[in-house]
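Working notes for the structure below.
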Amino acid sequence: MILLEEVWRTFQVGEAEVGALKGISLAIRRGDHVALVGPSGSGKSTLLHILGCLDRPTRGRYLFEERDTGSLSELERSALRQSRIGFVFQFFHLLSRLTAAGNVELPMMFAGVAPEERRTRAQEALRSVGLAHRAKHRPDQLSGGERQRVAIARAVVMGPSLLLADEPTGNLDRASSREVMELLERMNADGLTLVVVTHDPDIARRARRVIRLSDGTMEEEAP
Amino acid sequence: MRFLDLARFVAGALTGHRLRSALSALGVAIGVAAVVLLTSLGEGTRQYIVSQFSQFGTSLIGISPGKVKTFGVPGVFGGTTHQLTLYDADSLEHLPGIQKVVPVVFGQARVEAGGLGRDVYIYGVTHDASAAWKFPVAEGSFLPEMDPDRRASLCVLGPKLAREIFQGTSPLGKRVRIGGAGFLVVGVMEPKGQFVGFDLDDSAYIPVASAMDLFNLTELNEIDVLAASTGAIPGVVEEVRSVLTARHRGNDDFTITTQTEMLDVFGRVMDIITAAVSAIAGISLLVGAIGILTIMWISVNERTAEIGLLRALGLTRQGVERLFLLESALLAGAGGLLGLLCGLGLGAILTAALPGLPFKTSAGAAVAAVAMSLLVGLASGWFPARRASGLDPVEALRAE
């Protein structure tokens, strides 16, 4: 489903060129659960952004669902993010002026889904993360774990095939972390491909594959 | 994305910062209110002037002695200025395109009756003046039809003069003394109001020959000519000019003024004044626009993380741009609407407080004011919106 071939990503910092990714080749099968680990600055976030079509490789090829993303236009990549890829962030990134349901409705709104359908689908997504009763609450009325679960509901409401999570438990206590990871794993069991960036060895251990990045290069750890 | 959803989303973002949004909209509101107020005053003044002049009809042509435009070498070759006489007026009577000719002399004199007296303007005219000037008679009749060079001791009073001297009783058939001579009152005019400061109701009308005697004049102050139609005016002006020039031995020593010409001149002056005043009001609108630009710029910077999220959720660059453009257009549009209401409200209060104030808002100006505010919003939102859409989503997500 995901195929990276010799992917490089370099940034211009002043005069110098800094390589964040140096020739990454990686294949991820549909329904896999992959943890990306490594020290900060090792390139794992950059890799995640490239997988999510938010960023583009400087060199190399990235095939997502058998399509070469390098040849896609900005519009087509936006469409991919909208319907095929879900994001979960460390800091949740919920809009504080919208209710939980309003936040979950956002991607459907951008996709032009009719308001009636949006409401039922948002309610459905919130129920699947166990927060149907919190639909009318605003983010500041929710706990950290609840916020992240709303963010997960938002990430999956369009029915993507790939879920990318950047330190999803980095801001949560132990109990909430476990809840969130169980939720993600349940979705993974239902066929969703899951890629998690994490610092936490416990979280990484739960993945089927662990890929360690350091200084832009990768090595796969035996599970 | 559906427009209604977009609008609701944007409105939500704006109401999230209620005070800030209200204040920046207020900037535009003040500008639009100023534009509405000042253009309304301009339009009111224009309509006032037009109505002042057109109360005499637009096909009236005035001929006065002397030349307003000065050229050539004065003095040295003498150059007698011929006066306008009753014969001049008579010579115009049967020219094509001319309906009425009214020889006019005027001056101030005392009108007395029954111990009461009043100094007023006396107009020496003929029977046709009532029709040519569109001055209807309320009681009795106007001066009778007779040769202009005949004297007659008949007069018609303006309504205010009649009221003041006869204290509410009908003056018809009574005698008054004007400048010492006795006159029989044959009519009272309908109220006409003021004409640029002259009280037309506080005056008396007597036959032109009698007035020339009264004021010891041998010439006329003015000849008024009523053209058959507005379209006939240029032809009539030419005819009058050639006839009078011939009578004055080739001297073009009189001035012909048409109502349309005067309206044109006033119209041009008013246009310039309105434009200048609107430009001043426009400056306040510009200040409002800068306010919106500032707020939008701050908003884009504050909401960098939100922009990153929206991009991650699949909103295109164009979508982000549209979002912020609509936001500033909405802000300015709301300000514009508020300004329009304030402008109209202030206008209503002003006209209630100062009834004489010429204040007239044209629907076109109101629509233009609101349209302009929307345009201001789009223009001042353009730059911030470009910045928002140009943000790198990865960088934007990192901001928190």
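Proteins get letters first, then strands, A, B, ... in listed order; numbering begins at 1 in each. Note that the structure is predicted; figures quoted are calculated from it, not measured. Excluded from the calculations below are hydrogen atoms, water molecules and symmetry mates; all remaining heavy atoms, backbone and side chain alike, are included.
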In terms of heavy-atom proximity below 4.5 Å to chain B, should [X] be classed as side chain, backbone, both, or neither?
{"X": "A:Arg118", "answer": "side chain"}
{"X": "A:Leu80", "answer": "neither"}
{"X": "A:Ala155", "answer": "neither"}

request  = Check whether more than 12 heavy atoms from other residues, nucleotides or ligands sit under 6.0 Å from atom CZ of B:Arg386, and answer yes or no.
outcome  =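 No - once you tally the heavy atoms of other residues, nucleotides and ligands closer than 6.0 Å, there are 12 at most.
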Identify the heavy atoms of [X] and [Y] that sit nearest to each other, and give their distance.
{"X": "B:Arg2", "Y": "A:Gly112", "result": "NE-O, 3.3 Å"}
{"X": "A:Leu54", "Y": "B:Asp392", "result": "O-OD1, 4.5 Å"}
{"X": "B:Gly12", "Y": "A:Arg97", "result": "O-CD, 3.5 Å"}

Side chains of B:Pro393 and A:His49 in contact at under 4.5 Å (non-hydrogen atoms) =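 Counting from C-beta outward, B:Pro393 and A:His49 never come under 4.5 Å.
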Among [range], which residues come closer than 4.5 Å to chain A, judged by heavy atom distances?
{"range": "residues 284-301 of chain B", "value": "none"}
{"range": "residues 362-372 of chain B", "value": "none"}
{"range": "residues 309-319 of chain B", "value": "B:Leu309, B:Leu310, B:Arg311, B:Ala312, B:Leu313, B:Gly314, B:Leu315, B:Thr316, B:Arg317"}

request  = Could I get the full list of side-chain contact (heavy atoms from CB on, under 4.5 Å) partners for A:Thr58, not counting sequence neighbours?
outcome  =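 Scan of A:Thr58 (side-chain contact (heavy atoms from CB on, under 4.5 Å), adjacent residues dropped) gives A:Arg9, A:Thr10.
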Best-contacting candidate, B:Gly16, B:Gly308, B:Ala13, against chain A by heavy atom pairs under 4.5 angstrom =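 Max contact count across the listed options: B:Ala13.
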message = Please evaluate residues B:Leu397 and A:Asp166 with respect to the criterion side-chain contact (heavy atoms from CB on, under 4.5 Å), reporting the C-alpha separation (whole Å), side-chain torsions for both, the decisive distance (0.1 Å), and the verdict.
response = CA-CA 11 Å; B:Leu397 275 169; A:Asp166 194 353; over 6 Å; no
